[in-house]
Amino acid sequence: MSPESIDYIGTAERILAEAEVFIEEGHNEVAAREAYLAALSAARAIIFEKTGDAPKTHSGTRAMLAKLIHDGLALDGKLLKFLADGFEQKVDADYGPRTPLGDSDAERILETARAFVTAARRLLGN
């Protein structure tokens with residue numbers, strides 16, 4: 001695995017750990033935002049490893065990952081959709097007004113982010 005991909009996946013894991021703390025403390029909206037950012041970093045790890053470059057934007061990351069999936073990358077399309085949905089959650093958390101997020105919804109978002117990071121590790125051979 002390239003040093004850049006290692007950095008992206010390490011960042012994803014650190015952010016995911018922070019999201020776990022936020023959810024334990026009842027900061028569901030912040031936990032969901034961080035979960036999305038963890039998945040975004042994991043997506044960039046995959047993209048960098050497969051293409052040698054990683055997009056800087058959220059939409060560019062989604063587009064490149066969609067292209068890789070279309071070209072045969074074995075990644076569940078639900079995880080790609082999570083990037084679109086997660087971006088909306090991030091925008092809500094960052095710019096408000098914040099929509100309250102229940103515990104079960106926050107946990108579901110965090111679980112999907114965990115699955116994303118796990119899938120990225122599998123695809124990266126780690």
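The side-chain contact (heavy atoms from CB on, under 4.5 Å) test with N28 singles out one residue from L101, D105, I109, L110, and that residue is L101. With I46 as the fixed residue, the side-chain contact (heavy atoms from CB on, under 4.5 Å) test singles out one of I69, L73, T61, I9: L73.
Of all heavy-atom pairs spanning Y8 and A54, the tightest one is OH-CB, 3.5 Å. Of all non-hydrogen atoms in R44 and H58, the two that sit nearest each other are NH2-N, 4.0 Å. In this structure, A19 and A35 approach most closely via the heavy-atom pair CB-N, 3.9 Å. Minimum interatomic distance between L83 and A43 (heavy atoms only, all atoms of both residues): CD1-CB, 4.0 Å. Minimum heavy-atom separation, F116 to L65: CZ-CD2, 3.8 Å. Here the closest non-hydrogen pair linking L123 and A74 is CD2-O, 3.6 Å.
With values rounded to the nearest 0.5 angstrom, E13 atom CD is found 8.5 Å from T118 atom OG1. Between F82 atom CZ and K78 atom NZ the span is 14.0 Å, to the nearest 0.5 Å. Distance CG/D7 to OG/S41: 7.5 Å, rounded to 0.5 Å. The distance from the OG1 atom of T51 to the CG atom of L68 is 6.5 Å, given to the nearest 0.5 Å. Taken from CG in L75 to NZ in K50, the straight-line distance is 10.5 Å, to the nearest 0.5 Å.
A continuous path of ILVMFWY side-chain contacts below 4.5 Å connects V91 to I15, so both sit in one hydrophobic cluster. Hydrophobic clustering (side-chain heavy atoms under 4.5 Å, transitive across Ile, Leu, Val, Met, Phe, Trp, Tyr) groups L37 together with I47.
The shortest side-chain heavy-atom distance between E4 and F48 falls under the 4.5 Å cut-off.
At distances below 3.5 Å, at least one donor-acceptor pair connects side-chain atoms of E49 with backbone N or O atoms of S2.
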- Query: Does the side-chain hydrogen bond (donor to acceptor under 3.5 Å, both in side chains) test come out yes or no for R14 and T11, once each step is laid out?
  - Reply: CA-CA 5 Å; R14 284 189 301 280; T11 297; 3.0 Å; yes
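Classification of E107 and R114 as a salt-bridged pair holds, one side-chain N sitting under 4.0 Å from a carboxylate O. Here E34 does not pair with K90 in a salt bridge; the nearest charged N to carboxylate O distance is not below 4.0 Å. At a threshold of 4.0 Å, the pair E111-R108 does not count as salt-bridged, since none of the basic side-chain nitrogens sits closer than that to a carboxylate oxygen.
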